[in-house]
Amino acid sequence: MLKARNDDGTLSLRPLKNIKMVADYMLEKYGMSLHIGENIIGGDKFANLDDLENPERQIKEYIDRVLKAFVVSSLDVCIDAARAGSDKFEAFCRTVAGSWPCIEAKTTGLDEFRLTNIPVDGNGPVATHDKDQALDQCIGREITALVAKNPDIEKWDEVAADVKKNLVGTVRPLSVFDPVGRRFNPLLGDTGKPVVKTITAEDVDKIGRDVMDVILEG
């Protein structure tokens with residue numbers, strides 16, 4: 001069941017017939033554009049209710065996960081930009097003010113802003129990331145750190161070995177690249193939750209070149 005607005009402006013519970021009803025409700029009530037159907041099960045498939053084992057639980061978990069990721073990225077990138085100097089902070093503010101319509105793209109855009117605009121602290125090639133960050137973000141931090149040490153780097157093959165050295169064997173949420181939207185999405189399992197596993201060299205190779213391209217485009 002979902003609360004929906006009647007013609008007279010009142011709210012009433014209605015049977016949930018499709019995922020779009022949830023997206024419309026979030027947009028009307030909270031002003032949040034969410035691409036739930038496109039992203040809840042990952043891959044290229046637009047999900048229907050029949051594709052979900054437990055629609056009520058999975059949709060709630062998806063919204064919770066997406067909103068938390070957006071809040072965390074917003075705060076983290078804001079703090080990083082402020083520490084990097086007034087010019088970076090102003091660029092961050094412009095990015096937020098003129099950014100993408102949906103919450104998922106806003107989060108991806110903020111993460112990409114950090115990868116391409118915020119310098120990595122320290123002199124070593126190891127970037128700052130942790131087990132809760134998606135694999136594409138971790139790869140991006142590694143590449144950014146290596147490029148900071150050697151600005152002549154232009155190709156994935158030049159950094160692949162070092163990135164793998166620092167990531168293979170760690171536990172991270174997997175990512176998939178959407179070539180149409182030019183963004184990275186979490187790889188979701190059958191339960192609708194992100195797939196988290198021990199990273200292999202193959203996992204890094206699957207999206208490493210795409211991460212490199214996104215950074216160079218920025």
Side-chain angles (χ1 to χ4, degrees), residues 35 38-39 42-43 62 64-84 88 91-92 95-96 99-100 102-122 124-149 153 156 158-179 181-189 193-218:
H35 289 175
E38 295 93 327
N39 298 309
Y62 176 82
D64 180 72
R65 182 171 64 249
V66 167
L67 294 184
K68 284 181 178 177
F70 173 65
V71 171
V72 170
S73 288
S74 298
L75 292 174
D76 286 350
V77 179
C78 178
I79 292 170
D80 286 348
R83 288 174 175 169
K88 298 296 184 183
F92 163 78
T95 298
V96 173
S99 64
W100 313 261
C102 69
I103 298 297
E104 297 93 338
K106 287 180 185 292
T107 304
T108 300
L110 287 169
D111 291 335
E112 290 175 358
F113 173 86
R114 175 165 51 185
L115 292 177
T116 56
N117 291 277
I118 308 299
V120 178
D121 295 331
V126 180
T128 302
H129 51 71
D130 60 38
K131 62 182 179 61
D132 295 320
Q133 285 185 296
L135 181 58
D136 66 281
Q137 297 174 23
C138 299
I139 292 174
R141 296 294 281 182
E142 292 287 343
I143 292 173
T144 303
L146 291 164
V147 171
K149 288 178 64 67
I153 291 176
W156 165 245
E158 298 176 81
V159 299
D162 285 321
V163 172
K164 292 175 188 176
K165 181 173 63 178
N166 290 326
L167 281 174
V168 171
T170 65
V171 177
R172 296 287 187 273
L174 294 186
S175 310
V176 291
F177 182 61
D178 171 14
R182 302 296 295 169
R183 65 181 183 183
F184 295 91
N185 298 315
L187 176 64
L188 304 181
K193 294 183 178 181
V195 175
V196 180
K197 65 181 288 286
T198 301
I199 299 303
T200 65
E202 182 181 5
D203 294 327
V204 176
D205 278 328
K206 280 182 179 179
I207 62 169
R209 198 175 303 276
D210 293 320
V211 176
M212 186 77 174
D213 289 343
V214 168
I215 291 175
L216 294 179
E217 289 170 3

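In this structure, CD1 in Ile215 is found 9.5 Å from CD1 in Ile139, a value given to the nearest 0.5 Å. A distance of 9.5 Å separates CD in Glu142 from NZ in Lys165, rounded to the nearest 0.5 Å. In this structure, the separation between CE on Met212 and CD1 on Ile143 is 5.5 Å, given to the nearest 0.5 Å. Once rounded to the nearest 0.5 Å, the distance linking SG of Cys78 with NZ of Lys88 reads 15.0 Å.
Residues Asp203 and Thr198 form no side-chain contact, since every pair of their non-hydrogen atoms from C-beta on lies 4.5 Å or further apart. The side-chain heavy atoms of Leu187 and Ser175, taken from C-beta on, include no pair separated by under 4.5 Å. Using a 4.5 Å heavy-atom threshold, the side chains of Thr170 and Leu167 count as touching. Counting only heavy atoms from C-beta outward, the side chains of Asp136 and Val176 never approach each other to under 4.5 Å. Put simply, the side chain of Trp156 does not reach to within 4.5 Å of the side chain of Asp213, judged on heavy atoms. The shortest distance between side-chain heavy atoms of Arg65 and Leu188 falls below 4.5 Å.
When all heavy atoms of Phe70 and Lys106 are compared, the closest pair comes out as CE1-CB, 3.7 Å. Residues Ile153 and Leu146 approach most closely at CD1-O, 3.7 Å, considering heavy atoms. Between Phe92 and Ala81 the shortest heavy-atom distance is CB-CB, 3.8 Å.
Checked against side chain to side chain contact (heavy atoms under 4.5 Å, CB included), Val66 has the following partners two or more places apart in sequence or in another chain: Leu34, Tyr62, Ile103, Glu104. With sequence neighbours left out, Ala201 forms a side chain to side chain contact (heavy atoms under 4.5 Å, CB included) with Lys164, Val168. By the side-chain hydrogen bond (donor to acceptor under 3.5 Å, both in side chains) test, Ser74 is found to be paired with no residue, residues two or more places apart in sequence or in another chain being considered. Not counting sequence neighbours, the partners of Phe177 by the ring pair (Phe, Tyr, Trp, His ring centres under 6.0 Å) test are Phe184. Arg209 is linked by a side-chain hydrogen bond (donor to acceptor under 3.5 Å, both in side chains) to Asp157, counting only residues two or more places apart in sequence or in another chain. Partners of Asp210 according to the side-chain hydrogen bond (donor to acceptor under 3.5 Å, both in side chains) rule, which considers only residues two or more places apart in sequence or in another chain, do not exist here. Under the salt bridge (charged side-chain N to carboxylate O under 4.0 Å, His left out) criterion, Arg182 pairs with Glu217, not counting sequence neighbours. Taking Lys206 as the reference, nothing meets the side-chain hydrogen bond (donor to acceptor under 3.5 Å, both in side chains) condition, with sequence neighbours excluded.
The environment of NZ in Lys197 is crowded: more than 12 heavy-atom neighbours from other residues, nucleotides or ligands sit within 6.0 Å.
Put simply, the side chain of Asp162 never gets that close to the backbone of Val159: no donor and acceptor are under 3.5 Å apart.
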Practice problem: List the steps, then state whether side chain to side chain contact (heavy atoms under 4.5 Å, CB included) holds for Asp205 with Thr200. | Solution: CA-CA 9 Å; Asp205 278 328; Thr200 65; over 6 Å; no
